[in-house]
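Side-chain atoms are counted along with the backbone in the values below, which use heavy atoms only and exclude waters and symmetry mates. In this chain, residues are counted from 1 in sequence order. Atoms within each ligand, like the ligands themselves, are counted from 1 in listed order. Here the structure is a predicted model, which means the values were calculated and not measured.
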Amino acid sequence: MRIWPAAVAALFLSASGSIASAQEITLKGISSFAEKTFYSRGFERFIDKVNAEGKGVIQITYIGGPKAMPPFEVGNALKNGVVDIANATGAFYTNVFLEADAWKLTERPMAELRKNGGYAYMAKLYDERMNAVFLARHIDNNPFHIYLTKPITKPDLTGLKLRITPVYREFFQALGATVVQTAPGEVYTALERGVVDGYGWPITGIFDLGWHEKTKFRVDPGFYSAEVSILINKATLARLNDAQRKVILDTAAWLEAQAAETAKENEADIAKQKAAGITVIEFKGADGEAFRAKAYETGWAGIIKQSPEHGPKLRELFARAR
Ligand code: 173
């Protein structure tokens with residue numbers, strides 16, 4: 001007689017245990033940028049908040065950065081469901097979705113792009129090309145710059161070899177540079193060996209991988225707006241129940257709302273670069289305006305050339321009249 005209540009209790013316990021584990025889902029997350037460096041930090045805050053608020057509901061296991069997966073492979077891994085959630089920038093996955101590089105050309109905040117159809121236009125392409133949903137842009141208002149080991153006196157890179165990603169290709173070539181694409185993890189060695197005379201990178205983060213040691217000049221003004229975002233595999237998102245989806249979407253909205261604040265961090269790195277002895281080569285006034293205009297013209301020309309179908313529409317939605 002006494003065995004029944006125990007057996008029933010055991011059954012109940014194991015049943016409720018399996019229900020609990022069926023309700024908690026664990027996603028695999030990967031970053032295209034090194035762990036704990038500037039461009040991974042927003043993703044890491046996202047993971048920490050999901051894991052805190054999603055206890056018993058949803059958790060993210062952080063696989064890591066480029067040590068775990070080459071950064072230019074992350075887009076494919078997300079598309080194929082090898083990972084569920086990724087921190088990446090469009091330039092790193094043009095191999096699966098070439099128009100993603102157009103995010104760098106946005107001159108409107110994400111809040112506006114989510115209203116004016118710009119986000120919706122891209123969302124359709126993420127769905128079609130990448131089986132993905134764009135959750136949150138956590139880097140914005142963060143311009144790119146040219147960093148050099150040799151000085152220039154005018155906006156002319158003739159005779160110089162620069163490290164690039166797709167972000168800078170058209171612009172640097174238009175300025176006369178020879179270009180070589182590398183992942184961020186190869187920049188230090190390329191500088192050290194004199195394989196390159198400089199590189200493109202945003203205003204923040206050059207200290208993360210020690211590049212300040214090899215950098216002598218920064219060219220101002222900056223151009224474009226770096227984009228780093230969190231993407232989720234479409235099938236993964238579809239598999240989530242309402243509570244799980246709510247944790248992900250609420251945390252994404254929380255993170256994207258902070259993206260504009262990236263600009264506050266720009267100033268700190270500008271000061272740090274100065275303290276590290278990096279000399280600013282500045283094109284002032286009309287020269288600076290012409291330099292920036294050329295960046296946008298060549299940038300859009302590159303996107304439109306590669307995607308005559310979507311490039312012009314993206315320009316209408318992303319750009320400001322200039
Ligand atoms: O230079 C790069 O590797 C690059 O394209 C990029 C994009 C966004 C943030 C940081 C770097």
Are there any N/O pairs under 3.5 Å between ligand 1 and the protein, and if so, what are their distances?
from     : atom 1 : to     : atom 2 : distance (Å)
ligand 1 : 1 (O)  : Arg163 : NH1    : 2.7
ligand 1 : 1 (O)  : Tyr168 : OH     : 2.5
ligand 1 : 3 (O)  : Arg163 : NH1    : 3.4
ligand 1 : 3 (O)  : Arg163 : NH2    : 2.9
ligand 1 : 5 (O)  : Thr165 : OG1    : 2.8

So Tyr296 and Phe223, ring pair (Phe, Tyr, Trp, His ring centres under 6.0 Å) or not? Walk me through it.
-> CA-CA 8 Å; Tyr296 282 91; Phe223 50 91; 8.1 Å; no

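- Taking the centre of each ring, Phe318 and Tyr119 stay at or above the 6.0 Å mark.
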Would you tabulate the side-chain donor-acceptor contacts of residues 53-64 under 3.5 Å, counting partners in other chains and residues two or more places apart, or write 'none'?
from  : atom 1 : to    : atom 2 : distance (Å)
Glu53 : OE2    : Lys49 : NZ     : 2.9
Gln59 : NE2    : Asn51 : O      : 3.0
Gln59 : NE2    : Gly54 : O      : 3.2
Tyr62 : OH     : Glu44 : OE2    : 2.7

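- You'll find the ring centres of Trp211 and Tyr199 inside the 6.0 Å limit.
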Could you walk me through whether Arg193 and Tyr188 pass the side-chain contact (heavy atoms from CB on, under 4.5 Å) check?
-> CA-CA 9 Å; Arg193 296 191 182 155; Tyr188 188 92; over 6 Å; no

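- Under a 4.0 Å N-O distance rule, the pair Asp48/Arg41 does not qualify as a salt bridge.
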